Protein chains: 2
Amino acid sequence: MKPTVHDIAAVAGVSLATVDRVLNRRPGVSARTRDKVEAAVSTLGFVRDVAAANLAKGRVYPLTFVLPANDNSFMRDLEAEVREAIARAPVERTAISIVKVPPFDADALVRALDALIDEKPAGVALVAVDAPDVVAAVDRLVEAGIPVVTLVSDLPTSRRSHFAGIDNLAAGRTAASLLGRFVGREPSSIAVVAGSLLVRDHRERLEGFRAVMAKDYPHLTVLDAIEGRDDPAVVERLLGAELDRRGDISGIYSLGAGNRGLLAALRSAPRRDRIAVVAHELTGTTREALDVGLIDAVLNQDAGHEVRSAIRVLKAKADGAPLLAGQERIRIDIFLKDNLP
Amino acid sequence: MKPTVHDIAAVAGVSLATVDRVLNRRPGVSARTRDKVEAAVSTLGFVRDVAAANLAKGRVYPLTFVLPANDNSFMRDLEAEVREAIARAPVERTAISIVKVPPFDADALVRALDALIDEKPAGVALVAVDAPDVVAAVDRLVEAGIPVVTLVSDLPTSRRSHFAGIDNLAAGRTAASLLGRFVGREPSSIAVVAGSLLVRDHRERLEGFRAVMAKDYPHLTVLDAIEGRDDPAVVERLLGAELDRRGDISGIYSLGAGNRGLLAALRSAPRRDRIAVVAHELTGTTREALDVGLIDAVLNQDAGHEVRSAIRVLKAKADGAPLLAGQERIRIDIFLKDNLP
DNA sequence: CTGTTAGCGCATTCAA
DNA sequence: TTGAATGCGCTAACAG
């Protein structure tokens with residue numbers, strides 16, 4: 001049988017309360033007795049039953065998700081997943097709240113994070129804007145003992161506990177490999193549409209893309225990135241102009257959102273069926289475009305997985321418990337029209 | 001606060017024991033009181049705390065994994081994942097045992113399954129061989145009240161509760177889409193290497209592959225599938241002969257195991273760098289081949305995810321609990337050399 | 001600094 | 001057919 005607190009109390013020759021104090025690193029235990037208890041724990045191979053502990057504590061994990069009030073499909077989807085998690089809250093012993101902040105606004109994000117410090121949630125997940133002030137605010141939360149998980153866009157220089165998102169450098173490289181093979185072997189140009197190069201995930205995708213293109217597909221010229229602010233109208237205007245201006249564009253990498261604009265531009269482009277397209281995020285728009293052959297491949301991050309992972313990680317960190325690395329790795333999903341879920 | 005059994009006992013005007021009888025559908029309750037309790041349950045929106053219930057019951061879930069004693073990397077990997085789950089058993093309240101059976105042997109599998117009926121495990125997971133006898137044996141288990149999950153290879157005509165594996169038709173289609181774009185636009189031939197067309201997953205992959213090839217890439221001729229029995233030596237011999245015989249092979253789809261043999265044949269092929277290759281399962285062999293450019297893409301199913309999913313599903317079925325569909329969908333992972341994990 | 005005791009939400013004897 | 005009482009493994013007052 002699995003050893004219980006009673007067993008280690010007996011072996012260590014102390015009471016349950018003392019065992020509990022040692023297990024939960026609470027003060028008021030002499031070094032000698034602590035040692036005895038710890039010895040018993042390790043010789044018996046005791047691992048505490050988290051479910052029972054939570055039951056006894058009546059523990060709930062108050063978690064806060066800080067999300068940008070962006071209205072693109074992906075962010076909506078992410079929020080919907082958080083709301084589903086809220087629906088499961090009673091079962092999972094979580095109490096999740098959502099805080100919305102203006103998109104691409106570091107100051108607002110910082111204010112939101114600082115406001116959380118007093119609420120003392122058991123964990124915070126946020127879609128990071130890449131700015132030094134945000135790093136500092138995240139570090140203040142961690143300093144205050146609140147685990148922080150970055151979601152979708154990382155903040156690697158901060159002290160965040162974990163990143164629940166894809167490897168964006170690899171995503172960019174993958175896009176380049178696909179596009180490089182989809183377009184022909186004759187020299188031509190590749191257009192790139194980003195949202196904003198102020199967010200880290202977009203910058204990283206571009207970097208990975210350019211690296212592989214330069215190395216493996218030197219006959220292809222990667223044009224300067226168009227910054228469409230993830231706004232369909234802007235994307236349509238800028239990309240449309242570029243497609244009109246140059247006749248040698250054989251491929252497009254859309255690494256941000258606003259794909260409705262991309263499709264509009266594409267539909268009125270002269271050589272549209274000879275243009276290979278790789279985009280990000282599987283939404284209603286991109287799925288349909290895949291289906292009719294306007295987009296050739298979509299790189300996707302599973303918002304549901306990211307949210308569930310963030311919750312698992314925050315709970316584990318709050319308990320100081322280990323996690324299963326394999327389960328928390330967020331994959332770069334590649335969808336062609338043939339493997340749509 | 002979330003309602004507890006006490007609350008519904010109070011509202012229904014009965015004792016805890018009666019509530020428990022109703023909740024667990026045990027006999028010895030009059031229709032009238034049962035109705036009262038059920039009314040209280042639904043008006044209060046009671047959902048029972050599985051963790052507390054398991055604590056009280058001291059419940060463990062005895063689960064059995066029936067795995068083929070195949071020695072290819074993928075099956076080894078799968079078994080390793082089950083062993084990792086065994087290591088987590090105390091925490092997850094599972095007691096997992098592994099039963100090994102000879103590969104591709106329906107009779108042996110049937111005997112193993114029938115032997116389980118008396119052990120009455122809380123659930124069984126198996127890698128199915130596609131044969132009517134196996135279907136019948138699975139149905140006998142289900143009939144006996146034991147939930148069954150098929151792993152990797154499905155048995156859709158059986159009464160299995162769930163399939164933890166990828167959509168193999170979609171995988172084949174995806175392979176065709178990739179290969180069709182990787183090879184040029186000139187007419188040429190595509191070689192196909194299968195393990196055995198007696199297993200359903202291989203058959204389905206081939207079917208999906210052929211369908212897309214015929215529809216979207218009519219200039220490519222798909223050759224008859226080589227059946228390599230997932231054996232490197234056999235694969236090397238048969239594929240090598242085919243590569244020698246025909247000079248017009250521009251691509252290979254390896255939909256089974258035994259990729260060491262494929263690589264050996266490829267290395268001594270005359271036009272090896274003009275042959276595009278799509279294979280299945282990310283192993284040491286295929287990963288290395290991706291890296292050096294001998295293989296262009298690998299379709300993978302995450303063995304760890306499959307095992308964890310099977311366990312979650314079996315536990316949920318044993319409790320009659322619902323599951324999160326999104327979490328249990330096994331993805332077709334597509335790896336290029338750029339997004340290796 | 002240490003121990004006693006009650007109770008978290010549920011299941012299960014054992015009586016009535 | 002029903003109910004009272006006890007315990008699962010752990011935590012947290014409250015005493016000493």
Side-chain angles (χ1 to χ4, degrees), chain A residues 1-38 40-41 44-61 89-95 122 315 318-321, chain B residues 1-38 40-41 44-61 89-93 95 122 318-321:
Chain A
M1 274 307 277
K2 224 174 43 165
T4 75
V5 279
H6 288 93
D7 300 321
I8 71 167
V11 170
V14 297
S15 77
L16 283 184
T18 300
V19 170
D20 188 64
R21 287 183 187 105
V22 174
L23 290 180
N24 294 294
R25 315 178 178 293
R26 267 173 303 182
V29 184
S30 74
R32 261 184 52 71
T33 37
R34 158 166 323 188
D35 288 347
K36 283 194 301 187
V37 172
E38 277 166 354
V41 165
L44 293 191
F46 170 85
V47 292
R48 101 157 164 288
D49 182 329
V50 185
N54 283 344
L55 175 59
K57 280 195 284 217
R59 162 138 207 183
V60 295
Y61 300 81
V91 184
E92 299 183 349
R93 309 191 88 88
T94 52
K315 287 172 72 171
D319 292 338
Chain B
M1 273 309 279
K2 224 175 41 165
T4 75
V5 280
H6 289 92
D7 299 323
I8 71 169
V11 170
V14 298
S15 76
L16 286 183
T18 300
V19 171
D20 188 67
R21 289 185 186 102
V22 175
L23 289 180
N24 294 296
R25 317 179 174 292
R26 265 172 303 179
V29 185
S30 74
R32 260 185 50 70
T33 40
R34 164 173 331 243
D35 287 347
K36 283 194 300 186
V37 171
E38 277 166 353
V41 165
L44 294 191
F46 171 84
V47 293
R48 97 156 164 291
D49 182 328
V50 183
N54 283 344
L55 174 58
K57 280 196 285 218
R59 163 138 207 185
V60 294
Y61 300 81
V91 184
E92 298 183 349
R93 307 189 90 89
D319 292 337

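Not measured: the values here are computed from a predicted model. So you know, we letter chains A, B, ... as the sequences are listed, proteins then strands, and number each from 1.
When all heavy atoms are compared, the tightest approach of A:L23 to A:F46 is CD1-CE2, 3.7 Å. A pairwise comparison of heavy atoms in B:A40 and B:V11 identifies CB-CG1, 3.8 Å as the closest pair. Contact detail for A:V37 and A:A12: the closest heavy-atom pair is CA-CB, 4.0 Å. Closest approach of B:A318 and B:A122 over heavy atoms only: CB-O, 3.9 Å. Between B:R34 and B:R26, the shortest heavy-atom contact is NH2-O, 4.2 Å. Residue A:T4 comes nearest to A:D7 through the heavy atom pair N-OD2, 2.8 Å, listed as atom of the first residue, atom of the second, then distance.
Atoms CZ (A:R25) and C1' (C:dC1) sit 19 Å apart, rounded to a whole Å. Rounded to a whole Å, the CZ atom of B:R34 is 9 Å from the P atom of D:dT1. When rounded to the nearest whole Å, the span between CZ of A:R93 and C1' of D:dC10 equals 12 Å. In this structure, the CZ atom of B:R59 is 16 Å from the P atom of D:dG9, given to the nearest Å. Atom CG in B:N54 sits about 9 Å away from atom P in C:dA11, given to the nearest Å. For the pair A:H6 NE2 and C:dT5 P, the computed distance is 12 Å after rounding to whole Å. Atom pair B:D7:CG and C:dC10:C1' shows a separation of 13 Å (rounding to whole Å applied). When rounded to the nearest whole Å, the span between NZ of B:K36 and P of D:dT1 equals 14 Å.
For the side chain to side chain contact (heavy atoms under 4.5 Å, CB included) test, residues two or more places apart in sequence or in another chain that qualify with A:N54 are A:V50, A:K57, A:R59, A:Y61, A:R93.
Among the nucleotides D:dG9, C:dC10, D:dC10, the one closest to any side-chain atom of A:L55 is D:dG9.
Along DNA chain D, the nucleotide nearest to A:D49 and the one nearest to B:A31 differ in position, and the one closer to the 5' end is contacted by B:A31.
Checking the phosphate oxygens (OP1, OP2) of D:dT2, a side-chain nitrogen or oxygen of B:T33 falls inside 4.0 Å. Contact annotation: B:T4 does not reach the phosphate of C:dC8 (side-chain N/O to OP1 or OP2, under 4.0 Å). The side chain of A:T18 contributes no N or O atom lying less than 4.0 Å from OP1 or OP2 of C:dC1.
A donor-acceptor pair is defined here as one N or O able to donate and one able to accept, closer than 3.5 Å; no such pair exists between the side chain of B:K36 and the backbone of B:V14.
A:G58 comes within contact range of no nucleotide atom at all, as no heavy-atom separation falls under 4.0 Å. Looking at heavy-atom distances under 4.0 Å, A:V14 makes contact with sugar-phosphate atoms alone, never a base.
With the end axes of the helix from C:dC1-D:dG16 to C:dA16-D:dT1 each set by five pairs, the angle from one to the other reads 40° at 10° resolution.
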Quick test: give all pairs of protein nitrogen or oxygen and nucleotides 12-16 of chain C nitrogen or oxygen below 3.5 Å, distance rounded to 0.1 Å.
residue : atom : partner : partner atom : Å
C:dT12  : OP2  : B:R26   : NH1          : 3.2

### Task
Give the C-alpha distance, both sets of side-chain angles, the deciding distance and a yes or no for side chain to side chain contact (heavy atoms under 4.5 Å, CB included) between B:R48 and B:N24.
CA-CA 11 Å; B:R48 97 156 164 291; B:N24 294 296; 3.7 Å; yes
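In this structure, the separation between CD1 on A:I8 and CD on A:E38 is 9.5 Å, given to the nearest 0.5 Å.
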